[in-house]
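Here's the structure, in structure tokens; my notes come after.
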Amino acid sequence: MTTPLRLGIAGLGTVGVGVVRIIRQQSALLEARTGRKITISAVSARSKDKDRGVPLSDYAWEDDPVALAKRDDVDVFVELMGGDAGPAKDATEAAIKAGKDVVTANKAMLAHHGQALAIAAESAGQVIRYEAAVAGGIPVMKTLTEGLAGNDITRVMGVMNGTCNYILTQMQATRQGYNALFDEADKLGYLEADPNLDVGGIDAGHKLALLSSVAFGTQVDFDAVELEGIQNITLEDIDAAADMGYRIKLLGVAQMTGRGLEQRMSPCLVPAQSPLGQLEGGTNMVVIEGDAVGQIVLRGAGAGMGPTASAVLSDVIDIARGLRLPTFGQPATTLKQARPAKAAVPAPYYLRMQLVDKPGALAKVAAVLGDAGVSIDRMRQYGHQDTAAPVLIVTHKVTRTALDEAMAAMAKTSVVQGDPVAIRIEEVE
Ligand code: NAP
Ligand code: HSE
């Protein structure tokens with residue numbers, strides 16, 4: 001008879017409780033699919049007494065996740081605490097040293113320490129799996145490492161943070177402000193322990209860095225991701241973008257260019273009718289382009305209890321079935337160090353500014369843009385509000401550097417009030 005696969009689960013929050021629930025409710029199905037029982041030996045969290053809405057008395061309790069990771073009755077350490085360092089990293093390292101495989105949903109830890117952890121695991125003959133870390137319930141790591149393994153990947157892009165997409169789409173749909181929608185995202189279990197990771201684009205940047213590594217065979221380099229969050233996006237921008245036929249998304253793009261690896265996660269305008277433009281709520285979408293396959297689009301719940309636990313179970317099932325792949329799709333020692341390419345690819349931009357009500361104001365802005373080599377594609381001026389009028393400009397393709405120079409020159413004129421807003425337009429299909 002085959003032996004059961006015994007788990008030790010550290011972290012019993014949104015994701016941890018979801019995993020315990022599936023293992024309790026679907027034990028027969030899991031056994032039928034893997035040929036082994038999947039059991040939980042022990043669990044750990046900060047507070048032993050908290051009612052988590054799921055029975056835990058069948059499992060041993062450990063206050064210390066490191067002790068849990070080293071237990072003799074644990075084959076797989078399931079890390080669902082979060083945090084790029086601290087107990088999550090200590091316990092993961094302890095698990096590898098103790099000869100355990102690791103399943104984690106922790107993109108922060110892997111984005112910062114993935115290369116070192118992968119080397120440690122692979123030299124010890126252990127695996128680290130992290131399907132839940134990228135785009136929640138969407139099986140994107142499996143798609144890249146297995147389904148598309150025969151392709152030279154040319155570009156990976158997508159919306160990978162449920163919180164940001166929820167806030168941006170609900171602002172437009174309900175006309176509610178940022179703060180009310182932030183609270184709703186929290187109730188839905190989308191938020192990171194530190195929500196700045198979400199709205200600052202950092203969480204999605206972590207995910208993009210992991211995707212890049214597998215897609216391009218490079219060492220994870222989160223520091224090279226150009227990051228910008230959604231905190232400064234206003235209802236005014238959402239409305240103006242809609243008026244021009246776009247929607248605003250926190251969009252990640254990774255591509256290998258002649259000048260190196262470009263990785264950026266920033267608010268972008270995408271055509272309102274495109275699949276990315278139509279993406280609502282906490283849903284994520286990842287678009288992968290390969291030389292042989294063409295374009296693949298994956299769409300699904302990017303956060304929340306059920307979807308994330310589903311992804312954790314997919315990793316556990318692979319381990320139960322005996323599938324043993326390197327962390328980043330090829331041995332960690334063979335991953336190259338990519339040269340970072342900052343915003344290498346020019347793009348059209350949306351500019352919104354408040355123009356003072358003076359003769360020649362618009363001409364001055366057009367001249368400043370022209371002097372910086374920025375060509376105007378479309379322009380729209382709205383009625384004056386007190387002393388200024390909102391003006392929207394869509395540029396032709398330009399580098400961010402040239403645009404920043406133009407904006408700096410604009411600030412020196414006396415015709416633009418406050419700071420202009422510039423958002424990249426991604427002409428996705
Ligand atoms: P969460 O609800 O905040 O739960 C975190 C759990 O970890 C809690 O049970 C907490 O214990 C426990 N914990 C924290 N520090 C600990 C420590 N020092 N020792 C022992 N236990 C500790 O977080 P979550 O949303 O489930 O997220 C967990 C991980 O999944 C994170 O890496 C997150 O980025 C990732 N993730 C989350 C989602 C999502 O939709 N939520 C989606 C994808 C990936 P107490 O309960 O006692 O405080
Ligand atoms: N905080 C993350 C999000 C959870 O909102 O997408 C999923 O990684």
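In listed order, ligands and their atoms are each counted from 1. Numbers here are sequence positions counted from 1.
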* Could you verify whether a donor N or O on one side chain and an acceptor N or O on the other, from Thr234 and Asp237, lie under 3.5 Å apart? => yes
* Can a donor-acceptor pair be found between the side chains of Thr104 and Glu79 at a distance below 3.5 Å? -> yes
* Asked: With a cut-off of 4.0 Å, which atoms of ligand 2 are near a heavy atom of Asp203?
  -> 2 (C)
* Against heavy atoms of Asp198, which atoms of ligand 2 measure under 4.0 Å? -> 1 (N), 2 (C), 3 (C), 5 (O)
* Does atom 19 (N) of ligand 1 have any protein heavy atom closer than 4.0 Å? -> yes
Can you check which of [options] brings a heavy atom nearest to [atom]?
| atom | options | value |
| --- | --- | --- |
| atom 2 (O) of ligand 1 | Leu197, Val17, Thr14, Leu191 | Thr14 |
| atom 42 (C) of ligand 1 | Thr308, Leu80, Thr163 | Thr308 |
| atom 35 (C) of ligand 1 | Ser47, Ala105, Ala309 | Ala105 |
| atom 21 (N) of ligand 1 | Gly16, Ala303, Gly86, Ala45 | Ala45 |
| atom 5 (C) of ligand 1 | Met109, His206, Met81 | Met81 |

* Closest contact, heavy atoms only, Arg175 versus Asp239 -> NH2-OD2, 2.7 Å
* Asked: Is ligand 1 less than 4.0 angstrom away from at least one heavy atom of Ala132?
  -> yes
* Ring geometry between His112 and His206 (parallel below 30°, tilted from 30 to 60°, perpendicular above 60°) -> perpendicular
* Has ligand 1 got any nitrogen or oxygen that is less than 3.5 angstrom from a nitrogen or oxygen of Ala193? -> no
